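Ligands are counted one by one from 1 in listed order, and the atoms in each one are counted from 1 as well. In this text the structure is predicted, and so the values were computed from the model without any measurement.
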Amino acid sequence: MIKKVVKAIILGAPGSGKGTISERILKDFSMKHLASGDLLRSQILKGTDIGVSAKKYIDKGQLVPDNLVLQLILETIQAHKDDTWLLDGFPRTLNQAITLNKIQPINFVINLNVPFDIIIERIKGRWIHMPSGRVYHTEFNPPKVQGIDDVTQEPLVQREDDKPETVRHRLNVYKELTQPVLDFYRKNQLLEEFTGNSTPEIWPKVRQFISTKLEPVQKTEYK
Ligand code: G5P
Ligand code: MG
């Protein structure tokens, strides 16, 4: 059944392509992108109290404590209560999932399943535009001009937590703390799993699935 207002979640290990697939979803469907990582990095850029506290955890590849993340996300959800949105990277702990469940019914949860060895390799080539969260890759999705954001012409940076040893730690944290979140949504029959080695392989299946829930606004062709 196609609904008017939809609340959806996209989950997956660090580097599984949540940001990349979300960008494609946003082009083809009318949704707001609420990404916990982008919201936290924006707090860091602004130098807020939450940003200063969160940076210590993010740079080490640890999860930011639930109380800080919940404060930020619940405020954001409240501000977008009448919108159709896609929540990226939240919830990441069972406690976050249970808290969200109490205040906001969710229509579906997409989980991206990409092998860890592929993730470790691809993250080495990631560059981002910090203020917007736009994501590039030196080979898979290069900017028009090397090191420069296509939209603002501002410089791109590599994330502090993308160092190989930190990425490995993030993947372990994911296995330990976020797998129970997947079980939670599986049990609630909300989880839709997409497995593959690349975004071109996964994206058409995600698009097809979302088309059963939301009317597409356009169809974008990708290489
Ligand atoms: P984030 O920002 O949520 P992660 O760790 O969940 O970070 P991340 O790293 O942002 O996830 P992603 O969005 O899943 O990864 O992946 P992506 O950026 O789209 O793709 C990765 C790279 O691969 C890109 O360069 C992309 O171009 C490339 N790529 C995509 N597809 C392909 C392909 O097919 N082929 C190739 N070759 N390349 C491809 O969270 C960061 C931190 O914030 C805190 C935590 O500290 C976390 O570690 N945080 C939270 N803490 C507590 N609770 C929460 N809910 C939190 N949310 C964030
Ligand atoms: Mg991301």
Any N/O of Gly19 closer than 3.5 Å to an N/O of ligand 1?
yes

Go through the steps for Arg186 and Glu193 under the test salt bridge (charged side-chain N to carboxylate O under 4.0 Å, His left out), then give the verdict.
CA-CA 10 Å; Arg186 204 172 281 126; Glu193 305 228 45; 2.8 Å; yes

Does some non-hydrogen atom of Gly17 fall short of 4.0 Å from ligand 1?
yes

Residue portion contacting ligand 1 (non-hydrogen atoms closer than 4.0 Å) for Ala13
backbone

Check each of Ser36, Gly61, Pro14, Gly12 against atom 56 (C) of ligand 1 and report the one with the nearest heavy atom.
Ser36

Region of Tyr136 that comes within reach of ligand 1 [heavy atoms, distance under 4.0 Å]
backbone

Closest to atom 49 (N) of ligand 1 (heavy atoms only, candidates Asp59, Leu100, Leu40) is Leu40

From atom 1 (P) of ligand 1, work out which of Arg92, Arg170, Lys18 has a heavy atom at the shortest distance.
Arg92

Taking distance alone, with no angle check, do Asp38 and ligand 1 share an N/O pair under 3.5 Å?
no

Applying the salt bridge (Lys or Arg N to Asp or Glu O under 4.0 Å) test to Asp162, which of Lys124, Arg126, Arg122, Arg168 qualifies?
Arg126

Please verify whether a non-hydrogen atom of Pro91 lies at under 4.0 Å from ligand 1.
no

Looking only at non-hydrogen atoms, which of Phe140, Trp127, Phe90 approaches atom 39 (C) of ligand 1 most closely?
Phe140

Quick one: ring-ring contact (aromatic ring centres under 6.0 Å, His included) partners of Phe108, sequence neighbours excluded?
Phe209

Return yes when atom CZ of Phe184 has more than 12 non-hydrogen atoms of other residues, nucleotides or ligands closer than 6.0 Å, and no otherwise.
yes

Residue-level breakdown please: for Arg41 versus ligand 1, do any non-hydrogen atoms fall below 4.0 Å on the side chain, on the backbone, on both, or on neither?
side chain

